[in-house]
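Working notes, beginning with the structure itself.
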Amino acid sequence: MWSEQLNALTPAQREAVEHREGPLLVLAGPGSGKTRVITHRVANLLRHGVPPRRIVALTFTNKAADEMRARIDQLAPGQPVWMSTFHRFCARLLRDYAPSIGIRENYTIYDTSDSRQVLKRTLEALDIDATLYTPERIAAAISWAKNNLITAEQYEPRSGHPLGNIVSRVYPAYQARLLASSAVDFDDLLLHVATLLRDNPETRAALDERFQYILVDEYQDTNLAQYSIVRALSIDHPNLAVTGDPDQSIYGWRGANLSNILDFEDDYPNVRVVKLERNYRSTKRILRVADCLIGYNQRRKQKGLYTENDEGQCVRLTAYPTQRVEAESVAAYIAQEVHAGNRRPRDFAIFYRVNALSRSLEFALRDQGIPYQMVNGLEFYQRKEIKDVLAYLHLINNPRDDNALLRVINMPPRGIGKTTIGRLVAHADQYRISLLDAAREAGMIESLNKRAAVAVAKFVAAYDQLAVHAAAPVEEVLGHVLSGSGYQKFLADSENEEDQERLANIEELLTAAREFDERNPSDAPLESFLEDTCLVNDTDAWAAEDDQVTLMTLHASKGLEFPVVFIIALEEKLLPHERSRENNDLLEEERRLLFVGITRAREELQLSLATYREFRGQRRHSVPSQFLMELPRDEMDVVEPAASATSAWEPGDADAEFAASDDDIQFDPEQLERATPPETDAGSSSSLTAATSAASITTAAKLQQGSQNAPPPPSPEAFHQGMVVRHPEYGPGKIVALSGSGARRTATVAFAAGAGEKKFVIAKSPLQPARST
DNA sequence: TGTGAGTTGATTTTT
DNA sequence: TCAACTCACA
């Protein structure tokens with residue numbers, strides 16, 4: 001069986017798979033079976049008796065980690081090999097070593113917007129005028145420093161650098177705030193672990209011993225922090241295997257250092273280098289186009305990409321008059337292929353440089369009735385209501401989390417306004433205590449008037465009630481938060497339609513919590529749930545199995561492949577992006593980005609641009625991307641911009657169609673809105689939505705059944721958060737929280753008539769759903 | 001203190 | 001274009 005699998009590999013792949021001890025560098029071109037090599041190599045190690053817990057595989061995205069886990073499980077079932085993203089790996093380690101870097105085990109992870117809030121507050125407190133340098137620029141500078149292992153104490157501005165001078169003041173203050181809140185930002189996860197390993201030789205040695213075999217995927221995207229973590233863990237056991245492709249390094253802006261992979265052979269002298277140059281994915285033509293383009297880069301390792309695949313069609317390069325024609329044309333082509341039965345929607349992907357470019361495509365696809373999935377719409381976990389509710393959970397988990405407190409103290413409105421909060425903050429600063437502790441002392445703060453102090457005290461009391469349930473299953477904690485904070489009632493009472501949508505989103509969060517509880521019976525459920533939600537992104541929700549066209553940024557496309565790929569807006573200032581044109585390193589990265597996009601295509605590829613593009617509400621004339629001049633014309637079908645506003649796949653009917661739609665100025669956007677299929681509103685959360693609506697269908701069915709039969713056995717699914725129920729003895733009550741599943745599903749009910757809160761196992765209780773108001 | 005209108009200002013890519 | 005922020009008013 002195993003030798004069969006080995007035989008299925010090429011000699012080069014096999015060499016990498018069978019390599020066990022010592023450093024290994026796999027230079028893998030696109031589509032060369034890199035994931036296959038990694039997974040088989042792990043399986044090979046296991047087969048040779050390496051205990052699974054001695055192995056860790058690090059990736060950059062959850063998606064990649066999940067995929068690997070699934071594939072390794074196929075090769076070597078039931079072996080708990082640790083596969084995770086760098087950030088998750090570090091988050092776990094920090095849990096064990098938190099005290100040694102000055103935070104608590106229950107620390108909070110701040111996402112970008114959280115840390116931005118903290119930074120803004122820091123700037124305010126330091127009285128720094130943010131008009132000269134925006135918080136974003138300062139944040140970028142701090143992030144850069146952290147990724148390069150420069151701590152707040154070590155940071156020194158380059159002389160004569162005004163931004164640096166500001167950063168040298170802000171960075172330590174910002175960091176102090178994080179530490180005081182027992183919080184870390186994304187960069188800290190790496191920085192703290194890197195410094196921990198650097199400053200504690202015993203810890204380093206212990207972890208080096210623990211992780212004897214380390215694999216790193218996409219090594220070209222590691223930054224200095226990641227590099228030094230991996231390095232520190234591979235000194236006594238230098239069985240470090242990295243895979244990557246310098247030509248696919250596209251995260252330089254995030255501190256990725258191309259030298260890490262280019263200099264790997266210098267860092268690890270006895271390294272075995274394996275090059276995977278044969279491509280199994282694309283046609284010859286597509287590959288030659290990609291190869292020709294990337295040849296214009298200076299900083300790279302020469303590779304000879306080749307494939308035994310078919311010659312394939314020419315790569316199409318099409319210029320459209322406007323971005324609307326571009327979008328409609330792409331959508332029409334997809335529709336035509338789908339209707340003709342040649343392809344399915346999921347065979348297609350459309351890539352663009354910036355998210356803002358997706359809009360016209362969405363309209364066009366809806367118009368054609370083609371289902372699509374956008375990776376990275378409004379991210380679920382970034383929605384206000386979700387962040388609000390999660391902030392309650394964060395505060396329960398980590399009472400020192402000032403950022404969470406500020407978010408929830410007046411949400412729903414409790415009459416705690418700006419001035420009151422300002423006074424609480426002043427008090428907390430003065431005594432160097434957390435805001436929650438300051439709030440506890442509200443009665444003693446002189447500047448606070450009675451009314452404000454009472455409001456704050458009520459908040460603290462409500463919080464304490466919630467905190468009692470901290471150790472319960474997440475769904476239950478969440479239920480208590482929704483009931484006890486008044487947030488659910490606040491939204492339910494609102495006339496605003498948007499708020500009803502928010503309720504539905506919260507319902508999804510409850511579903512997610514429930515699924516988490518089922519999947520993850522841990523002793524600190526809240527903590528791990530929060531860690532989970534902080535480190536997911538919506539690319540992870542991308543469902544390859546759905547039959548939909550995929551829309552995503554070029555960055556998000558890395559690691560994926562599709563039969564047909566469209567890359568739009570190949571225009572100067574967009575690709576290359578305008579901020580990347582000044583400096584050659586940045587320009588090369590843009591070229592790599594296009595290279596990544598091109599090499600996602602298996603059979604067909606179309607590149608396009610529009611002569612006029614509306615961007616930021618303004619129509620402007622665009623200049624073709626300089627990269628277009630670097631593509632080999634003999635591999636391509638070039639359709640130049642025509643004088644008449646037509647350029648399409650097939651002359652004739654298609655032309656007429658486009659011309660008509662372009663001239664039709666009285667085109668009514670509302671019609672498009674009405675034609676919108678309901679499920680396309682939020683691509684990222686579609687699976688959750690499906691789960692929720694399936695649940696509510698059962699609910700309705702059971703309800704009906706219940707009203708017909710005399711002694712109806714209530715199904716646990718018939719009950720949901722906030723619902724009004726009736727108990728034969730205690731009378732009417734409201735469900736405050738739910739937890740568990742199936743026969744063990746329990747409901748906590750608050751009864752009206754002073755009977756207080758009671759907990760029932762639903763299946764064994766006489767609870768009945770009552771009509772809610 | 002809360003709300004809503006109006007203004008401003010900023011816009012790459014993501015763990 | 002759109003979201004965040006400001007400011008005036010209830």
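Chain letters run A, B, ... following the sequence lines, proteins first, then strands; residues in each count from 1. Keep in mind that what you see is a predicted model, and the values were worked out from it rather than measured.
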Exercise for review: When you get a sec, tell me which of B:dT12, B:dA10, B:dG2 is the closest nucleotide to the side chain of A:T134?
Suggested key: B:dA10
Check your understanding: On DNA chain B, nearest-nucleotide positions of A:A452 versus A:F60: which is more 5'?
Key -> A:A452
Exercise for review: Whole angstrom is fine here: how far is it from NZ in A:K573 over to C1' in B:dT11?
Suggested key: 14 Å
Check your understanding: Which distance, rounded to the nearest 0.5 Å, do you find between the OG of A:S360 and the CG of A:D367?
Key -> 12.0 Å
Exercise for review: Give a yes/no answer on whether the side chain of A:T420 brings an N or O atom under 4.0 Å of OP1 or OP2 in B:dT1.
Suggested key: yes
Point to revise | Contact under 4.0 Å: A:R116 side-chain N or O vs C:dA4 OP1/OP2 | key: no
Check your understanding: Separation of A:R620 atom CZ from B:dT11 atom C1', in whole Å?
Key -> 11 Å
Check your understanding: Counting heavy atoms not belonging to A:W144, are there more than 12 under 6.0 Å from its CH2?
Key -> no
Review point. Tell me: NZ of A:K63 to C1' of B:dT14, nearest whole Å?
Key: 12 Å
Practice item. Answer yes or no: does a side-chain N or O of A:N355 lie under 4.0 Å from OP1 or OP2 of B:dT12? Key: no
Revision key, fill the gap. The reported gap from CG in A:L119 to CD in A:E124 (rounded to nearest 0.5 angstrom) is 11.0 Å
Review point. Atom CZ of A:R579 to atom P of B:dA10: distance rounded to whole Å?
Key: 10 Å
What protein N or O atoms touch nucleotides 5-10 of chain C N or O atoms at under 3.5 angstrom, if any, and at what distances?
residue	atom	partner	partner atom	Å
C:dC5	OP1	A:K120	NZ	2.9

Exercise for review: Would you indicate what A:D111 reaches in the nucleic acid, counting non-hydrogen atoms under 4.0 angstrom: base, sugar-phosphate, or nothing?
Suggested key: nothing
Point to revise | B:dT14 phosphate, OP1 or OP2, under 4.0 Å from A:T61 side-chain N/O | key: no
Review point. Any cation-pi pair here, A:R407 with A:Y392, using under 6.0 Å and within 45°?
Key: no
Check your understanding: Do other residues, nucleotides or ligands put more than 12 heavy atoms under 6.0 Å from A:R121 CZ?
Key -> yes
Practice item. Would you mind telling me which residue lines up with the more 5' stretch of DNA chain B, A:G417 or A:C534, judged by nearest nucleotide? Key: A:G417
Review point. Rounded to the nearest 0.5 Å, how far apart are CG of A:L594 and CZ of A:R591?
Key: 9.5 Å
Check your understanding: What is the nucleic acid contact for A:R414, judged by heavy atoms within less than 4.0 Å: base, sugar-phosphate only, or nothing?
Key -> sugar-phosphate
Review point. Roughly how many Å is it from CG in A:D221 to C1' in B:dT14, rounded to a whole number?
Key: 11 Å
**Study point:** Distance, rounded to the nearest Å, where A:N62 contributes CG and B:dT14 contributes C1'
**Key:** 11 Å
Check your understanding: B:dT12 base stacked by A:H577? Criteria: ring centres under 5.5 Å, plane angle under 30°.
Key -> yes
Exercise for review: Check the distance between B:dT11's C1' and A:E578's CD and give it to me in whole angstrom.
Suggested key: 9 Å
Exercise for review: Take atom C1' in C:dC5 and the same atom in B:dT12, then report the distance between them in whole Å.
Suggested key: 23 Å
Study note, to complete from the structure: In this structure, CG of A:D188 is separated from CG of A:L94 (nearest 0.5 Å) by 9.0 Å
Review point. Would you call A:E136 and A:R116 a salt bridge, using N to O less than 4.0 angstrom?
Key: yes
Review point. Does A:R359 make a side-chain donor-acceptor contact with the base of C:dT1, cut-off 3.5 Å?
Key: no
Exercise for review: Provide, to the nearest angstrom, the distance between the CZ atom belonging to A:R592 and the P atom belonging to B:dT13.
Suggested key: 18 Å
